[in-house]
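Before any comments, here is the structure.
Predicted model, so just to flag it, every value in this text is computed and none were measured. Each ligand, and each atom within it, is numbered from 1 in the order the structure gives.
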Amino acid sequence: MNAARTPLVCGNWKLHKTIAESLELATAIKNAVGPVRDVEVAIAPSFTALHAVGKRLEGSPVKLAAQNCHWEDKGAFTGEVAPPQLADVGCHYGIIGHSERRQLFGELDAGVALKLRALAKHKIVPIVCIGETLTERDAGEALARVGAQLDAAVADLDLAIARTLVLAYEPVWAIGTGRVTSPAQAEEVHHFLRGRLDARFGANATGIRILYGGSVKPDNAALLLQQPNVDGFLVGGASLVADDFLRIVRYRTGNS
Ligand code: PGA
């Protein structure tokens with residue numbers, strides 16, 4: 001955590017919850033988060049619940065996020081959702097390049113780069129996910145892998161867009177497995193990514209937040225957030241239970 005950047009904690013609800021269940025969870029989060037000022041909170045419900053949850057969050061500091069998008073504004077792309085549609089329901093953030101999209105649905109770096117620009121065009125802040133597999137880590141290739149994913153996403157990127165970006169480092173082997181990276185392991189990668197962003201964008205990179213994701217729970221969040229280059233979290237499983245998510249959000253000096 002670095003004083004220059006307000007930490008962001010984003011809940012990724014993945015393929016969970018009906019509209020009614022989503023509203024219940026969103027309301028609990030909205031009510032609790034009211035007085036929290038030094039951490040930013042976002043939630044990413046499924047597409048079917050975005051509109052209802054967006055309405056419920058009106059007037060609250062909790063921001064709405066989408067879990068994915070297509071890169072075109074419109075067209076014959078059955079089953080896809082476009083950035084202007086996400087803007088229409090009030091999305092502030094858009095998660096792209098999640099490892100589940102990459103691994104299960106064949107998403108490639110080139111598509112992630114297109115989505116990043118498409119979201120930015122509609123004033124939605126991209127949360128770009130990158131992370132190595134266990135095989136890559138065991139082969140000593142973790143830094144090279146995330147470096148390559150980052151480079152592919154931001155190649156030739158406008159400085160104005162770069163300034164607004166959020167990165168999420170999510171080691172694939174830690175997602176949904178209960179196997180969290182140690183704070184030192186996370187910091188090693190975050191420090192590397194910070195250096196890469198600085199080299200690429202200079203002072204424009206100062207505000208770019210690098211979130212950690214992968215089995216973040218109330219009992220490991222505090223130590224992770226103490227790392228100088230961990231600027232918040234992308235939370236999956238623990239974001240589905242209001243109390244767990246809120247305990248993670250409150251792991252921030254000044255909040256009780
Ligand atoms: P997890 O998921 O917290 O359940 O590991 C994190 C993510 O996929 O963003």
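Remark: ligand 1 and V235 share no N or O pair separated by less than 3.5 Å (distance only, no angle test). Annotation: H98 places an N or O atom under 3.5 Å from an N or O atom of ligand 1; distance criterion only. Where the criterion is an N or O separation shorter than 3.5 Å, residue side chain and backbone included, G214 fails it with respect to ligand 1. Below 3.5 Å of separation, one finds an N or O of K14 facing an N or O of ligand 1. Residue-to-ligand polar distances place G176 within reach of ligand 1: an N/O pair is separated by less than 3.5 Å.
Ligand 1 places these atoms under 4.0 Å from at least one heavy atom of L234: 9 (O). Against a heavy-atom cut-off of under 4.0 Å, N12 is close to the following atoms of ligand 1: 9 (O).
In this structure, the ring-ring contact (aromatic ring centres under 6.0 Å, His included) partners of H70, at least two apart in sequence or on a different chain, are F77.
Here the heavy atom of the protein found nearest to atom 9 (O) of ligand 1 is E170 OE2, 2.7 Å.
If you chain together ILVMFWY residues whose side-chain heavy atoms come under 4.5 Å of each other, L108 ends up in a group of its own.
Between D158 and R117, none of the side-chain N atoms (NZ, or NE/NH1/NH2) sits under 4.0 Å from a carboxylate O, so this pair counts as no salt bridge. Between D231 and R194 there is a salt bridge, since a side-chain N of the basic residue sits under 4.0 Å from a carboxylate O of the acidic one.
Taking a 4.0 Å cut-off on heavy atoms, G213 fails to register as neighbouring ligand 1. Residue contacts with ligand 1: A174 is included, with a non-hydrogen atom under 4.0 Å away.
Note: Y212 and F233 have perpendicular aromatic rings, judged against thresholds of 30 and 60 degrees for the angle between ring planes.
A distance-only check finds no donor-acceptor pair linking the side chain of R200 to the backbone of D151 [under 3.5 Å].
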